[in-house]
Amino acid sequence: MIGSARLGWLDALRGVAALVVVFDHSSYTFMPDFRQDLMPHFNTSRYGILVFFLVSGYIVPHSLERRGCVRTFWVGRIFRVYPLWAAAVSALLALHALGIAELRDLGSHSTATVVIAHLTMLQELLGTPSVLLVLWTLSYEMSFYLLVVGLFTVRLQRRSAAVAVVLAVLAAGSVAAGVTLHPSALSSEFGTGPVIAVAAIAMGGALFCAGAETPVLRVLGGVLGGVLALVLVAFNGTVALWEGLVILAVMFLGTTVHRAEAGQCSWVFAVGTAVVVSVCAGGSAYGWGDGDHFTRRGWITAFMLALITFGAGTAVRNRCLPRVLTGLGTISYSVYLVHPVLLTVIDSTVGRRRQDSPVLEAMFFVALLPVCLLTHRWIEAPSQRWGRGLARRLTRRRPVVEGDLLTP
């Protein structure tokens, strides 16, 4: 039993979440009957994704506040996320060119539109389907980053619990009021191209200004990015309005747990926040009802189990955990991005099974994990080192100015 007692539990949660998401997607190919029976009662995709979001909420704001500088935060995020993302997308495009992998239907969007939307990593919130299905969650991650930076620049970063509660209450209120929006509503109304252009310019401006030395520009950039994120999640998402708001609430709930652990708020306050978010989220799902691709029982079960899993991880946060779990967490981003590429190749060449095959399901995991070890070693790890090195150089060149540091 070895592992980091400080962060090993987060890696373990990432590992569990990654395996569940892989099973969810691979079950289409290898376990269709079992999947059909399971999904109405337990939405495995939402479970894994919500665990990921809770972990991101816990660690990402801490990363920004520890650095005390928006510029180095974005450098770290870019080198953490983009290199493997680019490698996975490039691999898929190359396999498609070889005729052994089919791309998702991207509709009538131009190549330039698709490329720009994906470069912002907000493509799922810009009316553009993701080239890889799993990339939709990264759009919500990017929205969270923008919101976190926005709160930091206006010195409201410690209001995580309030933000989580407000978002959750708005989600429940939207369902209670019967508010429904067409998927990608803004893009449908104004056109995908104009929305992408405005969002790309706003995001570029937000990133540039938030990392500037002038306090007014930093605040302007932070607010602009935060507003952009909220507008896109609320009015241009592909999931229902309430679920987009709940996703953000869940991430800020993860932040609230970290604040309780750091002594910035009481555990009673954190638990109260979790109760409010849970009631609003569960009530929203229940009020939304059942549909062709959504069952409230499956979603609510996934949500509650994700919270229980995160709570269990918090309870053992000071213990050493098995290397197999922490190791899976270390390569979880590779697992998350690589598995749909392999599945696309299998579906395009061999085809999906008509009956359950647990052996093939297990063999897929056996084939996947060594590939992910390689992508982590040769892509993820080096890019993270480069990002840390660049961040250190930026810090040496530019002393932290007043207003960057976390206020007491």
Do the side chains of [Y] and [X] get nearer than 4.5 Å, heavy atoms only?
X    : Y    : result
T192 : H109 : yes
V166 : L170 : yes
V16  : Y47  : yes
V276 : C280 : yes
T314 : V257 : yes
M203 : L122 : yes
L125 : Y140 : yes
L369 : L328 : yes

Atom of [X], atom of [Y] and distance for their closest heavy-atom approach:
X    : Y    : result
S332 : G329 : OG-O, 2.8 Å
A199 : L228 : O-CD2, 3.8 Å
T44  : V20  : O-CG1, 3.4 Å
A101 : V345 : CB-CG2, 4.2 Å
L224 : A206 : CD2-N, 3.9 Å
T273 : A161 : OG1-CB, 3.5 Å

Side-chain donor-acceptor pair under 3.5 Å between [X] and [Y], yes or no?
X    : Y    : result
N236 : S187 : yes
R352 : Y28  : no
T113 : S110 : yes

Qualifying ring pair (Phe, Tyr, Trp, His ring centres under 6.0 Å) pairs with a residue from residues 168-209, counting only residues at least two apart or across chains: none
Selection residues 245-267 - residue pairs positive for ring pair (Phe, Tyr, Trp, His ring centres under 6.0 Å), sequence neighbours left out: Y58-H258, H62-H258, F144-F252
Salt bridge (charged side-chain N to carboxylate O under 4.0 Å, His left out) between E361 and R35, intermediate numbers included: CA-CA 12 Å; E361 178 73 41; R35 176 186 176 80; over 6 Å; no
Contacts of type side-chain hydrogen bond (donor to acceptor under 3.5 Å, both in side chains), residue Y82, not counting sequence neighbours: none
Any residue meeting side-chain hydrogen bond (donor to acceptor under 3.5 Å, both in side chains) with S139, in chain and number order, not counting sequence neighbours: Q123
Can you run down the salt bridge (charged side-chain N to carboxylate O under 4.0 Å, His left out) pairs that involve [range], sequence neighbours left out, and say none if there aren't any?
range            : value
residues 129-140 : none
residues 88-114  : none
residues 189-210 : none
residues 293-310 : D290-R296

Result block: side-chain N/O donor-acceptor pairs under 3.5 angstrom for residues 243-251, not counting sequence neighbours:
{"unit_1": "E243", "atom_1": "OE2", "unit_2": "R46", "atom_2": "NE", "d": "2.5"}
{"unit_1": "E243", "atom_1": "OE2", "unit_2": "R46", "atom_2": "NH2", "d": "3.4"}
{"unit_1": "E243", "atom_1": "OE2", "unit_2": "W299", "atom_2": "NE1", "d": "2.9"}

Test log, rule side chain to side chain donor-acceptor pair (under 3.5 Å), inputs T301 and N43: CA-CA 7 Å; T301 300; N43 190 321; over 6 Å; no
Worked verdict on F235 versus L230 for side chain to side chain contact (heavy atoms under 4.5 Å, CB included): CA-CA 8 Å; F235 301 109; L230 283 176; over 6 Å; no
Treating [X] as the side-chain partner and [Y] as the backbone partner, does any N or O pair qualify as donor plus acceptor under 3.5 Å?
X    : Y    : result
T326 : G8   : no
H118 : V114 : yes
S160 : T256 : no

Give, for atom [atom1] of [X] and atom [atom2] of [Y], the distance between the pair rounded to the nearest 0.5 Å.
X    : Y    : atom1 : atom2 : answer
D11  : L325 : CG    : CG    : 10.0 Å
L337 : L84  : CG    : CG    : 5.0 Å
L220 : T214 : CG    : OG1   : 11.0 Å
H339 : C372 : NE2   : SG    : 9.5 Å
H25  : L342 : NE2   : CG    : 13.5 Å
F52  : Y333 : CZ    : OH    : 10.5 Å

CA sep, side-chain torsions, deciding dist, call: W386, L390, side chain to side chain contact (heavy atoms under 4.5 Å, CB included): CA-CA 6 Å; W386 298 334; L390 178 57; over 6 Å; no
R259 and E65 ion-paired at < 4.0 Å: yes
Results of ring pair (Phe, Tyr, Trp, His ring centres under 6.0 Å) for F269 - residues two or more places apart only: none
Residues in ring pair (Phe, Tyr, Trp, His ring centres under 6.0 Å) contact with F79, at least two apart in sequence or another chain: none
Ring-ring centroid check F365 F23, cutoff 6.0 Å: no
Pairs meeting criterion side chain to side chain donor-acceptor pair (under 3.5 Å) with involvement of residues 372-381, two or more places apart: R80-E380, S334-T375, S334-E380, H376-E380
Verdict with supporting geometry, F53 and T137, side chain to side chain contact (heavy atoms under 4.5 Å, CB included): CA-CA 9 Å; F53 284 150; T137 61; 4.0 Å; yes
Evaluation steps, side chain to side chain contact (heavy atoms under 4.5 Å, CB included), between F310 and V51: CA-CA 7 Å; F310 190 74; V51 172; 5.7 Å; no
Mutual orientation of the aromatic rings belonging to F294 and W242 [parallel < 30°, tilted 30-60°, perpendicular > 60°]: perpendicular
